[in-house]
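Note sheet for the following structure.
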Amino acid sequence: MFSIQKKDGLGRIGTILTAHGKISTPVLLPVINPNRQEIPPVDMVKCGAEAFITNSYLLYRNIPNREKALKLGLHKLIDFDGPIMTDSGAFQLMEYGEVSITNSLITSFQEQIQSDIGVFLDIPTKQGDLQEVQNALKKTLVRADEHIQCRDPSSKILWAGPIQGGEFLDLVEQSSMEMAHKAFDIHPIGSVVPYLERYNFETVVKMILTAKKHLPLNRPIHLFGAGHPMFFAISVFLGIDMFDSAAYFLYARKNRFLTEFGTHYLDDLQYFPCSCEICLSHKVKELQRLDHSTRTHLLAKHNLNVSFAELQRVKQAIIEGRLYELVLSRTMNHPSLARLIPHLFDTPTSNFIETFTPISSKRAKLITHPALKFHPQILRYKQRILNRFYPWSSKLILARDYRKIRSTKNFQVLKISPLFGVIPDELQGVYPLVQHERIPLHFTEQDIVFIEEFLSKYQEKFQAIELHSHLEFDSYMIDQFKIMDKNKRTSKPPDEFKLNAIIDFQFGSGIHEVFDDMPVSVHRSPKTGILRNFTYQDKIVGTIRPSDFSIVPSKSFAEKLCKLIPAPKLRVVASDDSIPFVSRNKDLLARFVKNVDPEIKCGEEVFIVDDKGNFINSGRAHLSASEMIQFNNGIAVRVRR
């Protein structure tokens, strides 16, 4: 039902399969009034819409349209043959306090009109006291069970189980944990509109994070009623896959002009800060002079255009691995968004997101703000270098990260960085050490503590230390080393030292011992001079990927590594049915994964093994460990042909 094509942290580009076609996520579902279409679906499709949401309760109450829907089907009534989601009337219940329909009836009605995604009649809550929200959640959970019991098991509808609890995060947690064990396909987070309308983004962020930590990874998460493009990037960053809103039209009706940065009143504009077809073909004053109906129609189309453009921008950021940077730029658009920075970029949040973040990205990191020091890929690097450093000399030179001093045969160079902590010269090409640009940063107390921890851990490996003349760094650990004599440093260290450092960093401390009984020859590119591959007995056994300096092992070398690295590390256990295909270099699909090392990250080189631990093949993880276990669709490991 749901598969992932690309991801960056919790943000993911995926595909939802429905009875009437595919939905590419993240996606915005424009709200259509089933009884009065202000903008025909065909016009919204031209703006970028690929799916819609309408209200089955409003449709049910309109007897003529109800009969048409029952006779012809929802898609004929709406005049759209793609995916359509239907809400149950819960929003009207929140607004007016009651609705004249039952949970079982609205469930049956959505089945009869052939919705693609349906919702049972849950109990959303406005801001209220704890007891009211507790009672509403209790009723919602009871209704969820009633709905599951009465729905038709042969129906092709994907059913959504809303998460409730509002600002009471313990109730959001309870709701998420209980819904996770019920038979639903999608999980909307409800009751967020009152907070979004007051720019209380902090509460919404906390609600999303709480729900995300307890919901199944293979179910898309929908943020009910969120339709302003200024909040899309942040929501996707936190794991939201679906949005819906009537904001495009409701704002237009009040002469409000949406942008990804905020909202303008049309009367306040002299120039359109947009290049969509509406803004290019009309002047501001021309639009202001139009009659209300025509102006509303054009503004609504602009609002849709800018909304879909922002989602395209978010998707491209995911592909490039720059969603963090886009999110940071969006937080600068309003003080209420800027207050999110401690929630989005603090260590606990980053550590949670790190589990799902790929090993490397397509593009370099752009560090434009100190908050980006908490990027998961940077935190992961610091954790790994602390445990996977390869010291090959007894003499160490400490220098600043911007100096071009290099390791030699006599000395190992370690560069001190306020961003990465420590950078061994041998690992300069490892992502994201060289693949980044940054603003000037100062050493914080936290940076100093990390560097001291590193030096303390490896103190016994070095007998002497030299401080480079440009190093401005004060630490008590420096006094623990002997100052070395200033010998000549002209010859480069053997490339084998660099290869040992890379393989230890990638696969684990001490893995360079794999070369003890197979002395390899390291080769550099004749054009660039960077490491290209290494051979044994004139056969290539490993390639150095130039984009991130990861080792891509041959099948025979991967098998040798698998024997050296203790189980279950970097292992994906495949079912017997898939082994004949995987052994012939076919990708391992998620539904055939039986077990997996829980520490595997997306993008890592992994070993595919059978139940007994026998090596079958190797490849690159397409998903993180927990995603491989939970998903039933899509690729888990890409095996090289």
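Basis for what follows: all heavy atoms, side chains included, without hydrogens, waters or symmetry-related copies.
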Is a side-chain donor or acceptor of Y195 paired with a backbone partner of E167 at a separation under 3.5 angstrom?
yes
What residues, two or more places apart in sequence or in another chain, satisfy ring pair (Phe, Tyr, Trp, His ring centres under 6.0 Å) together with Y199?
F201, H334
For S547, is there any backbone N or O sitting under 3.5 Å from a side-chain donor or acceptor partner on Q435?
yes
Taking atom types as modelled and ignoring hydrogens, do the side chains of E50 and S24 form a donor-acceptor contact shorter than 3.5 angstrom?
no
Residues in ring pair (Phe, Tyr, Trp, His ring centres under 6.0 Å) with F549, at least two apart?
none
Between T86 and S115, is there a side-chain donor-acceptor contact under 3.5 Å, judged purely by atom types and distance?
yes
Test item: I16 and M1 side chains (from C-beta on) under 4.5 Å apart, heavy atoms
yes
Surrounding CE of M177 (heavy atoms of other residues, nucleotides or ligands, distance under 6.0 Å), is the total greater than 12?
no
Return the orientation label for the F224 and H222 ring planes: parallel under 30°, perpendicular over 60°, tilted otherwise.
tilted
Considering residues at least two apart in sequence or located in another chain, which fulfil the side-chain hydrogen bond (donor to acceptor under 3.5 Å, both in side chains) criterion with T259?
none
Using the test side-chain hydrogen bond (donor to acceptor under 3.5 Å, both in side chains), find all partners of S329 that sit at least two apart in sequence or belong to another chain.
none
Can you tell me which residue pairs pass the salt bridge (charged side-chain N to carboxylate O under 4.0 Å, His left out) test with a partner in residues 320-330, sequence neighbours excluded?
E310-R330, E320-R363
Of all residues at least two apart in sequence or in a different chain, which pass the salt bridge (charged side-chain N to carboxylate O under 4.0 Å, His left out) check with E354?
R380, K601
For residues 170-187, which residue pairs qualify under salt bridge (charged side-chain N to carboxylate O under 4.0 Å, His left out), counting only residues two or more places apart or in two chains?
D145-K182
Salt bridge or not between E605 and R640? Use side-chain N to carboxylate O under 4.0 Å.
yes
Please set out all donor-acceptor pairs under 3.5 angstrom arising from side-chain atoms of residues 343-350, sequence neighbours excluded.
residue, atom, partner, partner atom, Å
H343, NE2, E202, OE1, 3.0
D346, OD1, T349, N, 3.2
D346, OD1, T349, OG1, 2.7
T349, OG1, H343, O, 2.8
S350, OG, D346, O, 3.0
S350, OG, F374, O, 2.6

May I ask you to decide whether K46 forms a salt bridge with E277, counting only side-chain N to carboxylate O separations under 4.0 Å?
no
Which heavy atom of L570 sits nearest to which heavy atom of D597, and what is that distance?
N-OD2, 2.8 Å
Between Y248 and F308, is the ring centroid distance below 6.0 Å?
no
Taking the ring centre of each residue, are F272 and F257 less than 6.0 Å apart?
yes
I need the full list of salt bridge (charged side-chain N to carboxylate O under 4.0 Å, His left out) pairs touching residues 218-230, with sequence neighbours left out, sorted by first then second residue.
none
Could you tell me which residues satisfy salt bridge (charged side-chain N to carboxylate O under 4.0 Å, His left out) with K415, sequence neighbours excluded, listed by chain and number?
none
OG on S3 to CD1 on I13, rounded to 0.5 Å:
12.0 Å
Derivation of the side-chain contact (heavy atoms from CB on, under 4.5 Å) call for R12 and L323:
CA-CA 10 Å; R12 50 197 190 177; L323 185 56; over 6 Å; no
Does H20 offer a backbone N or O that forms a donor-acceptor pair with the side chain of D116 under 3.5 Å?
yes
Partners of K365 by salt bridge (charged side-chain N to carboxylate O under 4.0 Å, His left out), sequence neighbours excluded?
none
May I ask you to decide if the ring planes of Y381 and F420 are parallel, tilted or perpendicular, using 30° and 60° as cut-offs?
perpendicular
Does anything in residues 245-262 form a salt bridge (charged side-chain N to carboxylate O under 4.0 Å, His left out)? List the pairs, not counting sequence neighbours.
E260-R313
Examine the side chains of H375 and T357 and answer whether a donor and an acceptor come within less than 3.5 Å of each other.
no
